[in-house]
Novice: 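Please read through the structure below; I'll follow up with questions.
Each chain gets a letter, A, B and so on, in the order its sequence line appears, and its residues count up from 1.
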Amino acid sequence: MRNKTYIGEISNYKDKDATISGWLYNMRSSGKLHFLMVRDGTGIIQVVVAKNDVDEKTFELCKELPQESSLKITGFVVEDKRAPSGYEIQAKNVELVHRADEYPITPKEHGTTFLMDNRHLWLRSSKQHAILKVRHSIIRACRDYFDNNNYTLIDAPIFTPAACEGTSTLFETDYFGSKAYLTQSGQLYMEAAAMSFGKVYCFGPTFRAEKSKTRRHLTEFWMIEPEIAYCDLDGDMDIAEEFIEYIVQRTLEERKEELKLLQRDTSKLETVQRPFPRISYDEAVKIIKDSGLEFEDGNDFGSLDETIVSEQFDRPVMVHRYPAAVKAFYMKGDPGDLSKALCVDVLAPEGYGEIIGGGQREDDLNILESKIKEHDLPMEAFDWYLDVRKYGSVPHAGFGMGIERAVSWICGLKHIRETIPFPRTISRIKP
RNA sequence: UCCUCGGUAGCUCAAUUGGUAGAGCGGGUGGCUGUUAACCACUAGGUCGUAGGUUCGAGUCCUACCCGAGGAGCCA
């Protein structure tokens, strides 16, 4: 079974015989000719079955093949302008591996709910296939960026004893009689690890139990979180922009075909190059107010606010120094204005909003303890975290990027749920 | 949790002021030697989300509930 030909490399077999193994994507028939569109995960190719070229049994078989039947086909490979991919196979033999039942997803239009109910089959469609290929490339680029820059991969736990930030709603689970929660971030663990390895990152699933029902939210999503010892906010922003530039440019190189199939305007990605604009929260507020929108000083940005700010630029914009009051307890205060936090959000262009949140962490033990009290968080849950400030505390910073939001932006999608193979949302846990 | 919209054939949708539930795709049967979401003919396929109510008569009007989609909040 190993020495077979993949459709993706069919051009190497021009004017030669080849055997492909795949699934029937669609079929058109014309009396004494059948046109089978066959896919195998690496590509799709037209197979021509002519009545005169095959035995009668084979020809009759192809006449009534259900969509998605699995097939092994041997034939002569030719270049032909009439074939959608430029190449086609003139069949000599067609072996039916399995006759499919009536396939629910037809070549016509369907609603998203129906397609999501059939997500396990929808993955076979060309658009979904392309999105997940892009996702794979983005994840590989993320890992390569950190691996090539001497970061150490440190896996964070999924079960956690208490809220990391105390803000989001967590999924609660029974842990041998006591309560445990599914992680909403690996960050606190990365801070501890950075004091051992210097530069670390984690990449894993993250869970939020908020009842968000929008095209930007999942209850289970993947986040990549670097953390760097001896790093301040400016250094953090340097890393974030270099990182985003790298993954976008890598994806443009590796996934031209897929982005074309997704009809992505790649000119809007080609401009994603350093330096990215860096503006303060106060400057962002001015942009929002100048646009005519009402905004109350000191508030966090809503999604419309983010869109208005990001529309001013042709590449991601980094907004730093938000009011400390709207940010998590571990953010370090700005020495120049303690009402502000040394944090940064990276807003993707074209209305895609926040893809990265991060900043410099509070490294002073006493300040951190009082922040925990201010936020009404249980001190005992953070004893280990406070230890990081007791034994050789240093300035450190990091950020987290939601993979699905990055994929959604880079692919130019309307819904985040198509960026993950099996999405989990407030109303979906199957398939 | 709140706001808006929706639920009719396997799928996508239509049905006029309340008056015999329809089309395309998919399925089935037949036809066609260059099809491009092929095409042509015929054919099968329905508890109109659920439960009540108004009416001679309800897919259509009223009430409650269930489910879904988008948005707000919250966030990546």
Novice: With C1' as the reference atom in both, quote the distance from C56(B) to G18(B) in angstrom, rounded to an integer.
Specialist: 12 Å
Novice: Would you mind reading off the distance between W122(A) atom CH2 and C11(B) atom P, rounded to a whole angstrom?
Specialist: 16 Å
Novice: Between the base of G27(B) and the side chain of Q67(A), is there any donor-acceptor pair under 3.5 Å?
Specialist: no
Novice: Is there a Watson-Crick or G-U wobble partner for A76(B) with both distances under 3.5 Å, and which nucleotide is it?
Specialist: none
Novice: Name the closest nucleotide to the R28(A) side chain, picking from C32(B), A37(B), A76(B).
Specialist: A37(B)
Novice: Determine, answering yes or no, if F221(A) is stacked on A76(B) under the 5.5 Å centre rule and the 30° plane rule.
Specialist: yes
Novice: Side chain of N26(A): nearest nucleotide among G26(B), U33(B), A37(B)?
Specialist: A37(B)
Novice: With heavy atoms under 4.0 Å as the rule, sort E404(A) into base, sugar-phosphate or nothing.
Specialist: nothing
Novice: Establish whether the base of G10(B) is bridged to the side chain of T106(A) by a donor-acceptor pair shorter than 3.5 Å.
Specialist: no
Novice: Under 4.0 Å from OP1 or OP2 of A72(B): is there any side-chain N or O of R215(A) that close?
Specialist: no
Novice: Rounded to whole Å, please give me the gap between NZ in K32(A) and C1' in G34(B).
Specialist: 14 Å
Novice: Please give the nucleotide sitting opposite G70(B) as a Watson-Crick or G-U wobble pair, both distances under 3.5 Å, or none.
Specialist: C3(B)
Novice: Using a heavy-atom cut-off of 4.0 Å across all strands, would you classify E88(A) as base, sugar-phosphate, or nothing?
Specialist: base
Novice: What's the closest nucleotide to the side chain of S30(A) if the choices are A72(B), C11(B), C32(B)?
Specialist: C32(B)
Novice: Report yes if a side-chain nitrogen or oxygen of R216(A) is closer than 4.0 Å to either non-bridging phosphate oxygen (OP1 or OP2) of A72(B); otherwise report no.
Specialist: yes
Novice: If you measure from the P atom in C65(B) to the same atom in A37(B), how many Å do you get, rounded?
Specialist: 47 Å
Novice: Please determine, for the side chain of K211(A), which listed nucleotide (U1(B), A69(B), U33(B)) has the closest atom?
Specialist: U1(B)
Novice: Between the main-chain N or O of V54(A) and the side-chain N or O of T58(A), is there a donor-acceptor pair closer than 3.5 Å?
Specialist: no
Novice: Can you find a donor-acceptor pair, distance only, under 3.5 Å between R405(A) side chain and C75(B) base?
Specialist: yes
Novice: Tell me if a side-chain donor or acceptor on K199(A) pairs with a main-chain N or O of N149(A) at a distance below 3.5 Å.
Specialist: yes
Novice: Parallel, tilted or perpendicular, judged at 30° and 60°: which one describes the rings of Y385(A) and F329(A)?
Specialist: perpendicular
Novice: From the options G34(B), G73(B), C11(B), select the nucleotide whose nearest atom is closest to the side chain of S212(A).
Specialist: G73(B)
Novice: Sort out the partner of G27(B) for me: Watson-Crick or G-U wobble, both distances under 3.5 Å, none otherwise.
Specialist: U43(B)
Novice: In whole Å, what is the span from the CZ atom of F114(A) to the P atom of G10(B)?
Specialist: 11 Å
Novice: Quick check for you: among U35(B), G68(B), A72(B), whose closest atom lies nearest to any side-chain atom of S303(A)?
Specialist: A72(B)
Novice: Could you state the atom-to-atom distance from CG of L261(A) to P of A37(B) in whole Å?
Specialist: 13 Å
Novice: How far does the C1' atom of U20(B) sit from the matching atom of C62(B), given to the nearest Å?
Specialist: 25 Å
Novice: Of the nucleotides A69(B), G70(B), U33(B), which one has an atom closest to the side chain of S427(A)?
Specialist: A69(B)
Novice: Heavy atoms from C-beta onward define the side chain here; which of U12(B), G34(B), G70(B) lies closest to that of K213(A)?
Specialist: G70(B)
Novice: Rounded off to whole Å, could you give me the CE-to-P distance for the M27(A) and G26(B) pair?
Specialist: 11 Å
Novice: Under the criterion side-chain contact (heavy atoms from CB on, under 4.5 Å), I'd like the reasoning laid out for S125(A) against K127(A): C-alpha separation, chi angles, the key distance, then a yes or no.
Specialist: CA-CA 6 Å; S125(A) 302; K127(A) 187 180 168 192; 5.6 Å; no
Novice: Sticking with atom C1', work out how far G59(B) lies from C13(B), rounded to a whole angstrom.
Specialist: 14 Å
Novice: Checking the side chain of T42(A) only, and the main-chain atoms of I7(A) only, is there a donor and an acceptor separated by less than 3.5 Å?
Specialist: yes
Novice: Per the side-chain hydrogen bond (donor to acceptor under 3.5 Å, both in side chains) rule, which among Q249(A), R250(A), E242(A) passes with Y246(A)?
Specialist: R250(A)
Novice: In terms of the nearest nucleotide of RNA chain B, which residue is placed more toward the 5' end: L218(A) or H415(A)?
Specialist: H415(A)
Novice: Once you apply a heavy-atom cut-off of 4.0 Å, does D300(A) come out as touching a base, just sugar-phosphate, or nothing?
Specialist: sugar-phosphate
Novice: So Y322(A) and Y281(A), would you call those rings parallel, tilted or perpendicular, with 30° and 60° as cut-offs?
Specialist: tilted
Novice: Tell me: CG of L24(A) to C1' of A37(B), nearest whole Å?
Specialist: 14 Å
Novice: Do D282(A) side-chain atoms and V285(A) backbone N/O form a donor-acceptor pair below 3.5 Å?
Specialist: no
Novice: In whole angstrom, what separates I426(A)'s CD1 from C75(B)'s P?
Specialist: 17 Å
Novice: Within the 4.0 Å heavy-atom criterion, would you say R417(A) contacts the bases, only the backbone, or no part of the nucleic acid?
Specialist: sugar-phosphate
Novice: Mapping G402(A) and K414(A) onto RNA chain B by nearest heavy atom, which one lands closer to the 5' end?
Specialist: K414(A)
Novice: Who does U33(B) pair with, Watson-Crick or G-U, both distances under 3.5 Å?
Specialist: none
Novice: Who does A51(B) pair with, Watson-Crick or G-U, both distances under 3.5 Å?
Specialist: U63(B)
Novice: Tell me if the side-chain of H217(A) makes a donor-acceptor pair with the base of C75(B), cut-off 3.5 Å, by modelled atom types.
Specialist: yes
Novice: How many whole angstroms separate atom CZ of F207(A) from atom C1' of C75(B)?
Specialist: 16 Å
Novice: Just to be sure I understand the rule, does P84(A) reach a base, reach only the sugar-phosphate, or reach nothing, if contact means heavy atoms closer than 4.0 Å?
Specialist: base
